[in-house]
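Structure first, then comments.
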Amino acid sequence: MRLSALLLCALACSATAASPALTTVSERSGFQDTGRYEEVIALCEAFAARYPAAVRCLQFGTTPEGRPMQALAISTAGALDPATVAARQLPVVLIQGGIHAGEIDGKDAGFLALRELLDGQAARGTLDKVVWLFVPVFNVDGHERFGAWNRPNQRGPREMGWRVTAQNLNLNRDYVKADAPEMQAMLRLVQQWDPLLYVDLHATDGAQFEHDVSVQVEPVHAGDARLAGDGRRLRDGVLADLKRQGSLPLPYYPSFVVDDDPASGFEDGVPPPRFSHGYFQLRNRFGMLVETHSWKPYPQRVRIMRNTIVSVLQQAARQGTQWRADADAADRRDLAGQPVALDYKATDKARTVAFRGYAYTRTPSPVSGALMTRYDERTPQVWRIPLRDDIQPSVVVTAPRGGYVVPAAHAAWVGEKLRVHGIAFQVLGEQGTLPLETFRADAAEFSAQSVEGHQRLSVQGQWQDESRPVGAGALFVPIAQPQARLVMALLEPQAPDSLLQWGEFNNAFERKEYMEAYVAEDVAEQMLAGDPALKAEFERRLREDAAFAADPRARLDFFYRRHPSWDERYRLYPVMRSAQPLH
């Protein structure tokens, strides 16, 4: 009997034995379908009624289309509210499904695991030692955009939800910028419960091969060094459990370096914090990304995801006390004046891995004309292909010794961003002129197209000492706080998901005032006549820079930028850094 048939039988038998009120549409259909969102509400109420001491239903937000965002708090330790959990120092694991609502394995697997854990059919005693926050569907509005072809490169269920929200936002690009109401609600839930581990359940896109699941965790390559060791043990423990249960798990996301070309191999990395598993390491917590393989049949994917959830909760029950101690120590660690990595990149160093793929051909397509890969799933084949997994910091910035200063003109909206992340700051009174660090961009490049509704910006430049006025109403964001890494990710201009790089400060890098050419001509002549050194510099540029010499606007700009009328704030990043705490 094929593996998928065995899995289908096992799951169907489990569903038959269970109370119908605690089973999903998916189970009852033999894992051919998935239910609509009203099922989440009904199941939450049914589990709470059946296990009133172990399950509590929570509505933690409302979507733009008016739907409730539902979570379940689950524990047999007698702690189902944030205050009790914090007082008893119980490890909290937040597991979410449906952030991309077409990839809905996590919802059906989560309810299956929940029933088996509460009935004592799996991992007995685990819920005595851990609190599980289960969000079956994060992207609720997307879930209800139901259709049969929402995931054309996925085998089952027969119909499913849509990738993005009703506002067309991809929630797994939104953790730092937090534009979506859904994300703001999730971050409030995170602040209330402070999960040690945040698990994000997906199904892959991409090629066809035998491997059926990947598990990535941070901190492993990034973040606090002590937590990285814990993260590695967590990841390896889950991978080992899955392997024992018959899976072929991977510790990296299997996306080819060159699209559609298996021979190009894979490149591992550290995700930027727009992604869930890149965000939580900045909070000194663990983020885990689980990706079942979209080409595996839905019953198989649900069973693998169920196995993953149970393993994760067992790891938390065993190791949660140590995680908490190490996370608390990381929260206390002082980063002031220390080098902090803000972005990472795999080097060109590669090793060859034996990857379980299928025989394939690459031939020109008669439709597109492109070279296309076609796989033969009847013929397993081991690919010996490169993996680049030597991951090194690519952007490192020394943290300020005091913190960041946000001028009053930007205090309101920046303050709201800081609040949604739980970052501490204070509003300043009049400070006068202070010695600060400022960042002026030598180069600034706007993206050519919109990304998630933003025009992104990249800059080159450096911090330098300068005296600047700080008026009443400015914000001071201290580096001495548990969220120090997140503070830097938001406010350092060269961090990949900083507010600057998401285009929130674009106005500061747009030129707003000009000098008419006929005025600039007169000004230039006066400056040349009165400053021999300037005249020599101008003439040298004409000789040595042919593009400059041929550009009338650039030649006039040479003088305008040296004239008192030039806007000294042009390309000056409004946020500043202080070497001292401010009050």
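Across R283, R324, R285, a single residue satisfies salt bridge (Lys or Arg N to Asp or Glu O under 4.0 Å) together with D331, and that is R285. No option in V310, V213, T292 other than T292 meets the side-chain contact (heavy atoms from CB on, under 4.5 Å) test with M305.
In the model, D179 has a side-chain atom that pairs as donor or acceptor with a side-chain atom of H454 under 3.5 Å. A donor-acceptor pair shorter than 3.5 Å can be found between the side chains of Q322 and D326. Between W295 and N153, the side chains place no donor N or O within less than 3.5 Å of an acceptor N or O (distance only, hydrogens not considered).
Judged purely by atom type and a 3.5 angstrom limit, T308 uses its side chain to pair as donor or acceptor with the backbone of I304. Looking at R301, its side chain does come within 3.5 Å of a backbone N or O of R155 through a donor-acceptor pair. With hydrogens and angles ignored, the 3.5 Å screen pairs no side-chain donor or acceptor of K129 with any backbone N or O of L90.
In this structure, H421 has its ring center under 6.0 Å from that of Y279.
Using a 4.5 Å cut-off on side-chain heavy atoms (C-beta onward), Q216 and R235 make no contact. Counting heavy atoms from C-beta outward, V340 and R485 have side chains that approach closer than 4.5 Å.
Annotation: side-chain hydrogen bond (donor to acceptor under 3.5 Å, both in side chains) contacts involving residues 68-79, sequence neighbours excluded, comprise T76-D128. Residue pairs meeting the ring pair (Phe, Tyr, Trp, His ring centres under 6.0 Å) criterion with at least one member in residues 92-118, sequence neighbours excluded: H100-H202, F111-F134.
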